[in-house]
2 protein chains.
Amino acid sequence: MLSIGKLSATTGVKVPTIRYYEEIGLLPEAERSAGNQRLYATKAQERLAFIRHSRELGFSLDDIRELLSLSDRPDMSCAAADVIATRQLGFVKDRITRLQALQQELERMLTQCAQGTISDCKVIEALSNHENCLHPHHGEV
Amino acid sequence: MLSIGKLSATTGVKVPTIRYYEEIGLLPEAERSAGNQRLYATKAQERLAFIRHSRELGFSLDDIRELLSLSDRPDMSCAAADVIATRQLGFVKDRITRLQALQQELERMLTQCAQGTISDCKVIEALSNHENCLHPHHGEV
DNA sequence: CTTGAACCTCTAGTTGCTAGAGCTCCTATC
DNA sequence: GATAGGAGCTCTAGCAACTAGAGGTTCAAG
Ligand SMILES: [Zn+2]
Ligand SMILES: [Zn+2]
Ligand SMILES: [Zn+2]
Ligand SMILES: [Zn+2]
């Protein structure tokens, strides 16, 4: 059985984050020592590693909750898991597209600026009106 | 002079968002009608359009605050503005790189999955351990 | 047996808004 | 001029996914 600190060290998830995951029900309530400190078995390490890795791949905690509950039912079809991953892939692709548009706009305004005064600054000018933009870039970045 | 609703309609920024920008000092306190309702001059439209466009390009409100105060000093060097935009470009490029790594990992796990049961699902397996990943993908997405 | 690191709970802060309650005001129609 | 209802007002709370701090307890090394 590991203390929360050891669990944190072996998984790379910070102590308060582990407690937070327990609080929101991503991790089951930990066992406690006589002095009320959390104790974890190896199983918790795996579950936490799963969460961390999924987070690193950009999944939301809600998606992860769903994926965890699926992984607890090995005989079920994996269709639901694949739907979640496919949706995530869609988000990622979409975001890349939008960020590439932003990159172009930022590069354009920076190369146009001749490093003079604010009144001549193409960066400030570009921010002031969208007319010269090549992309629509609406919605969240 | 425009009501907050008209200002919202002409700029595409929602009414509560305009009030929020005023609250945090991005917009100056609006004049008020006899009945205490906000009234805006054309200048406010430009300022708000600047904020909105900068947000669309991914700048933080703190950066925008800085950019706005620079744009109020036309005789100054624009170096500071260019620094902010360059930094923003850096963020964007970095994020794109990380998202492209995520895209690859997600595509890899999805193409490997044979659509069977959870116990054979390559998506769940890939989330369970990072060993087979091609990228480190640490840090925030 | 003492010391200090690690643990506990609870609250509040972060970013950039958004939603709601409960009220007042403005304007259009009759 | 009365009235209906849309738009405005303030204030509080909530979202995601944590992070930081206060103030107190427990554990483990020496
Ligand atoms: Zn410039
Ligand atoms: Zn634009
Ligand atoms: Zn699968
Ligand atoms: Zn990985």
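No experiment lies behind these values; they were computed from the predicted model shown. A note on names: the letters A, B, ... follow the listed sequences, proteins ahead of strands, and every chain is numbered from 1.
Here D:dG8 is the nucleotide among D:dG8, C:dC17, C:dC7 with the atom lying nearest to any side-chain atom of B:Val15. Closest to the side chain of A:Gln37, out of C:dG16, D:dG8, C:dC7, is C:dC7. Listed candidates were D:dT19, C:dG16, C:dT18. Nearest to the side chain of A:Thr17 is D:dT19. The side chain of A:Arg32 sits closest to C:dC8 out of D:dT10, C:dC8, D:dT19. Listed nucleotides: C:dC17, D:dC9, D:dC18. Nearest to the side chain of A:Leu61: D:dC18. When distances are taken from the side chain of B:Ile4 to each of D:dC27, D:dC9, C:dC8, the shortest belongs to D:dC9. For B:Tyr20, taking side-chain heavy atoms from C-beta onward, the closest of the listed nucleotides C:dG16, D:dC9, C:dC7 is C:dG16. For B:Pro16, the side-chain atoms get nearest to C:dT18 when compared with the rest of D:dT19, D:dA17, C:dT18.
Classification of the B:His137-B:His130 ring pair by plane angle, with boundaries at 30° and 60°, yields perpendicular.
Side-chain atoms of B:Gln104 and B:Gln100 form no donor-acceptor pair, as typed in the model, at a separation below 3.5 Å.
The CG-P distance, from A:Leu7 to C:dC7, rounds to 10 Å in whole Å. D:dG8 atom C1' lies 16 Å from atom CE of B:Met1, rounded to whole Å. As a whole-Å value, the separation of A:Asp62 CG from D:dC18 P is 12 Å. For A:Ile18 and D:dA17, the CD1 to C1' distance is 15 Å, given to the nearest whole Å. If you measure from atom CG of A:Leu2 to atom C1' of D:dC27, you get 16 Å, rounded to the nearest angstrom. As rounded to whole Å, 14 Å separates atom C1' of C:dG16 from atom CG of B:Leu27. Straight-line distance from the CZ atom of A:Arg52 to the P atom of D:dC18: 11 Å, rounded to whole Å. Residue A:Glu56 contributes atom CD, which lies 15 Å from atom C1' of D:dC18 at whole-angstrom precision.
Contact between the side-chain N/O atoms of B:Arg55 and the OP1/OP2 oxygens of C:dC17 is found at a separation under 4.0 Å. At C:dC17, none of the side-chain N or O atoms of B:Arg19 fall inside 4.0 Å of OP1 or OP2 (strictly under the cut-off). For the pair B:Arg38 and D:dT10, the criterion of a side-chain N or O lying under 4.0 Å from OP1 or OP2 is met. A sub-4.0 Å separation between OP1 or OP2 of D:dC27 and a side-chain N or O of A:Ser33 is present. When the side-chain nitrogen and oxygen atoms of B:Tyr21 are compared with OP1 and OP2 of C:dG16, none of them lie within a distance under 4.0 Å. In this model, the phosphate group of C:dC17 is not approached by any side-chain N or O of B:Lys14 to a distance below 4.0 Å at OP1 or OP2.
By the criterion of side-chain heavy atoms lying less than 4.5 angstrom apart, applied directly or through intervening Ile, Leu, Val, Met, Phe, Trp or Tyr residues, A:Ile96 is grouped together with B:Met109 in one hydrophobic cluster.
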After noting the C-alpha distance and the side-chain angles of B:Glu23 and B:Arg19, does the key distance pass the salt bridge (charged side-chain N to carboxylate O under 4.0 Å, His left out) rule?
CA-CA 6 Å; B:Glu23 187 187 320; B:Arg19 289 198 278 248; over 6 Å; no
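Within the model, atoms CD of A:Gln37 and CD1 of A:Ile4 stand 9.5 Å from one another, a figure rounded to the nearest 0.5 Å.
Look at A:Lys43 and A:Glu46 and you find no salt bridge, because none of the NZ, NE, NH1 or NH2 atoms lies under 4.0 Å from a carboxylate O.
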